[in-house]
Amino acid sequence: MSAFRYRTTALAATTTAVLALALTACGGDNGTGTRSEGPARKSAHGVAKKDAPAKTPVTAKGGTTGSASTPLCTTEDVRISAAPQDGPPSTHLVLTAKNTSGHRCEMKGFPQIQFLESHRQNIPSVARSKPEAPVVLDAGAPAYALVKLSDGGADEDVEPVTAFAVWLQGGDGQATVRAPGAEGIAVDPATYRTGYWTYELRNGADDF
């Protein structure tokens with residue numbers, strides 16, 4: 001009687017062990033007859049890994065890649081000077097703004113210029129001279145703007161200017177620029193115009 005009970009107990013234990021091994025070999029069952037793949041693989045910190053979002057570069061002014069937070073140039077950041085483009089007669093001058101700030105900054109739009117006390121409004125701009133990309137100056141780099149003074153005709157109603165005021169769009173402060181030449185320049189309020197700031201003067205866009 002004792003021997004029979006021992007054999008029955010041993011047989012049940014053996015059957016249980018075989019079933020357990022079979023389930024383990026199959027990778028477990030979720031109760032539907034489909035194998036469970038288990039939880040997602042986790043990182044060392046216990047959090048499932050995800051692809052990091054791609055960083056989109058910002059195309060900076062002048063076609064280079066840089067920060068979108070480039071500040072606008074102010075009259076404290078640049079030194080502005082004027083020189084005749086051609087002549088005589090001197091019908092155009094070139095403004096040069098050199099970045100002396102030690103950091104990058106953007107020259108926005110066109111120079112806001114007032115030549116005469118009797119004409120307090122800024123001189124008009126020439127739309128076709130606007131560059132395709134904004135102009136960002138590295139430390140020590142220059143930007144240029146062409147300014148038309150007159151048509152150069154003998155019968156024009158021109159006025160003499162020895163110095164004039166320049167503001168930068170979006171920037172603080174005013175720059176006083178000395179006109180080139182011992183006697184200054186002659187401007188005609190009916191025809192003067194200014195181009196946009198550019199890295200260099202261009203044929204066509206800066207012909208006005």
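Nearest heavy-atom pair across Ser90 and Pro84 is OG-CB, 4.3 Å. Closest non-hydrogen pair, Thr70 versus Cys105, comes out as CG2-CA, 3.8 Å. The two residues Leu93 and Pro180 come nearest to each other via the heavy atoms CD2-CD, 4.4 Å. Heavy atoms only, all atoms of each residue included: Pro111 and Gly195 are closest at CD-O, 3.4 Å. Nearest heavy-atom pair across Ala143 and Val135 is CB-CG1, 4.3 Å. Minimum interatomic distance between Ala179 and Gly184 (heavy atoms only, all atoms of both residues): CB-CA, 4.1 Å.
Other residues, nucleotides and ligands place more than 12 heavy atoms under 6.0 Å from the CD atom of Gln174.
Between Ser125 and Lys130, every side-chain heavy-atom pair lies at or beyond the 4.5 Å cut-off. For the pair Asp172 and Thr75, the minimum side-chain heavy-atom distance is 4.5 Å or more. Side-chain contact between Lys108 and Pro134 is absent, with no heavy-atom pair separated by less than 4.5 Å. Using a 4.5 Å heavy-atom cutoff, the side chains of Trp197 and Leu168 are in contact. Looking at Phe110 and Gln169, their side chains come closer than 4.5 Å, going by heavy atoms from C-beta outward. For the pair Leu149/Phe115, a side-chain contact is recorded, criterion being any heavy-atom separation below 4.5 Å from C-beta on. Counting only heavy atoms from C-beta outward, the side chains of Lys148 and Ile123 never approach each other to under 4.5 Å. Contact of the Met107 side chain with the Val78 side chain is registered, since non-hydrogen atoms from C-beta on lie closer than 4.5 Å.
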*Give the intermediate values and the outcome of side chain to side chain contact (heavy atoms under 4.5 Å, CB included) for residues Val158 and Val187.*
CA-CA 5 Å; Val158 296; Val187 303; over 6 Å; no
*Give the C-alpha distance, both sets of side-chain angles, the deciding distance and a yes or no for side chain to side chain contact (heavy atoms under 4.5 Å, CB included) between Val161 and Leu116.*
CA-CA 7 Å; Val161 173; Leu116 304 166; 3.5 Å; yes
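Not one N or O on the side chain of Glu106 forms a donor-acceptor pair closer than 3.5 Å with the backbone of Leu137. Tyr199 places no side-chain N or O within donor-acceptor distance of the main-chain N or O of Tyr144, the cut-off being under 3.5 Å. A donor-acceptor contact shorter than 3.5 Å links the side chain of His92 to the backbone of Phe208. Formation of a donor-acceptor pair under 3.5 Å by the Asn99 side chain with backbone atoms of Asp138 is found in this model.
Here the CD1 atom belonging to Ile80 is positioned 14.0 Å from the NZ atom belonging to Lys98, to the nearest 0.5 angstrom. Separation of atoms CZ (Arg128) and OH (Tyr196) is listed at 12.5 Å; rounding is to 0.5 Å.
In the hydrophobic cluster analysis, where Ile, Leu, Val, Met, Phe, Trp and Tyr join through side-chain heavy atoms closer than 4.5 angstrom, Val126 is grouped together with Val94.
Annotation: salt bridge (charged side-chain N to carboxylate O under 4.0 Å, His left out) contacts involving residues 180-202, sequence neighbours excluded, comprise Arg202-Asp206.
With respect to Thr194, the side-chain contact (heavy atoms from CB on, under 4.5 Å) criterion is satisfied by exactly one of Asn122, Val166, Leu146, Val147: Val147.
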